[in-house]
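Structure record follows, encoded as structure tokens.
Read the numbers this way: they start at 1 and go in the same order the structure lists the ligands and their atoms.
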Amino acid sequence: MKRLPNYSLLWVSFIVFLCTGCNPASQLSVSSPDGNLCLHVETENGKLYYELSRNGKPILDKSRLGFILKEDTLAGHLEITEALHHSFSGTWEQIWGEDRIVENNYHEMTIRVQKTSAPKRKFNVVFRLFNDGFGFRYEFPEQEALKDFVIMDELTEFALTGDHKAWSIPYEAHFYEALYEASPVSKLGWVSTPLTMETNDGLFLSIHEANLTDYAAMNLIPKEGSITLKANLTPWSTGEKVFMKAPGVTPWRTMIVAENAGDLLLSRLMLNLNEPCRIQDTSWIQPGRYIGIWWTYHMHKHTWHTGPRHGATTANALRHIDFAARHGFQGVLIEGWNKGWDTYHFNFTEPYPDFDLKQITDYAASKGVTLIGHHETDGWVSDYENQLEAAFNLYKDHGVQIVKTGYVGKLLDGKERHSQFGVRHYRKVIELAADKHIMIDNHEPVMPTGLQRTFPNLMTQEGVRGQEWDAWDKDGGNPPVHTTIIPFTRGLAGPMDFTPGTFRFENPVLPQTRVQTTLAKQLALSVVLYSPLQMASDEIENYERNPEPFSFITTCPTTWEQTIVPEAKIGEYVTIARKERGNSGRWFIGSITNEQPREMQLPLSFLDKGKRYKAVIYRDGDKADYRTNPYPVIIEEQEVTGESTLQIAQAPGGGTGIILTVLSSSGA
Ligand code: CA
């Protein structure tokens, strides 16, 4: 017999090449619809891995998949039994959002995996590749040897291929209300997602999750000081991570891959990985703006509890309803209306005696305004769940269409808000509210994951260090850089109830702490920070004193036909342009800078060709500075077309708001 050592060597290396690289022709690989991203799965020594490349360049090295269950380990002795491929292309419409039409195009690969040893427990991994990133989730199919089981650890990894710059908040941050810090991945501790990174090649990556429904939230931690990030699920107080049933699925693990920072904001893959809307009649779900009896509590003018300075009195409520009606606000939030603020054990059906719920809601209805109800729970989840049905019924009977929920403090049932316990609670509230036709604005939430696609009554959530920190943060308030980072981090998880729109920055309670922006930047933030319910945070007297700048806020919609990001640099500046829904053709632009002044150069090439527009520009006054002279706003008009470039100076800590209205179609 002839020996052909050379040929067999060649053959061996060919096989090795096929197995370690991403090959779109391989059954174990899947590419994005545009072919740029390629994801490959394989087993090595019985362990399961995936890897990702973009145009042949690795983005994720071999990254582990699998679980430690209480009943078994699904970590080694694994084999792939089948790979199934499928693709989908379609669009769907958002009831409210940053865009009306969302494209949903992906290639999908399902990998069936089983243990090689009896009883051969099985799971699947479903990968979906989009042009702007990917998601995958585990499925546990129905099987004899796996019914009810407990996940002690999820082994999912993201083996990064560089020590990227990452913007993160620590996992321990209360309610995710922390300033994002930039650091190399290798220096990260245990962090929350979304975790946004910039690579040396100038790519932007953001890891998060989608459709967190009955599972623990995913946090990330670098493995032994490396640049491999491992999923770290929030445990129950007893140590278990997740109680599961087969058949069942995990949330999707997601990564956005973008060529520039602005494109991160345009990715809708998190929403695409959630289930379609489950509410049949959505006509009662209405985005809008609201004001509140709120900032005066922070300024110690009023108290939440009853007494001589009680904020939630009938007279004060009626005054705010009048203001809301006069300025076209949808709702008035009134905190401190119910019994319990003295003890922090709340009764959600008993108003304080000086708050006449019926008179107030009847008056609001006569003015076309809704009362925004308030349920502060202080984290007493079981107490709240016991009252929930009655509490929503009371509001429903009084025509209250929006409820702000709050969970200051730990969930006092001894569990973390981002554990499966917390996730189940928040979900229960959203679903019951949907039944009662109530929209929810949830404060101190679990990090959002796109559930508003399925339950669009989940309007907005906090989970961000919002403007309230400018009232009582001992370190001085939110630095100007903060709002140039959060659109690219927390903002990728969904709408933020940041509550911009403060017009008076001095703080009599804590003189060292104040709003660290110019007034023009407060206006710009109502476009930059997306929320379908957007609160104008200040007390109404401060708006009455500044009617011209206030007109920007009262004109600005909270749901959009289309969003684009003409320029963005995380931590420095961002400009966002949004087109109003309907036939007006109006665009609203918000542009902000950090503590550095800058000259915005904005080509208006996104405007319709051949049309002339009136640009009303709300810009920083010439000597404006967030430290010394924050209030001057200049409002001026210009005629522009798609060929114009706006050149506008922004002050330190400043910003610009612009409204573009169609004047006429010229020429033709
Ligand atoms: Ca808060």
Report, rounded to 10°, the angle at the Ca ion (ligand 1) between the two atoms OE2 (E444) and OE1 (E462).
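With the Ca ion (ligand 1) as the vertex, the angle is close to 70°.
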Test of ring centre spacing under 6.0 Å for [X] and [Y]:
X: H327; Y: F323; result: yes
X: H375; Y: F392; result: yes
X: Y407; Y: H443; result: no

By atom name, which N, O or S atom belonging to E468 lies closest to the Ca ion (ligand 1)?
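Nearest N/O/S atom: OE2.
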Suppose we only allow N, O or S atoms; which atom of E177 ends up nearest to the Ca ion (ligand 1)?
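E177's closest N, O or S atom to the Ca ion (ligand 1) is named OE2.
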More than 12 heavy atoms of other residues, nucleotides or ligands under 6.0 Å from CD of E506: is that the case?
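Correct, the count exceeds 12.
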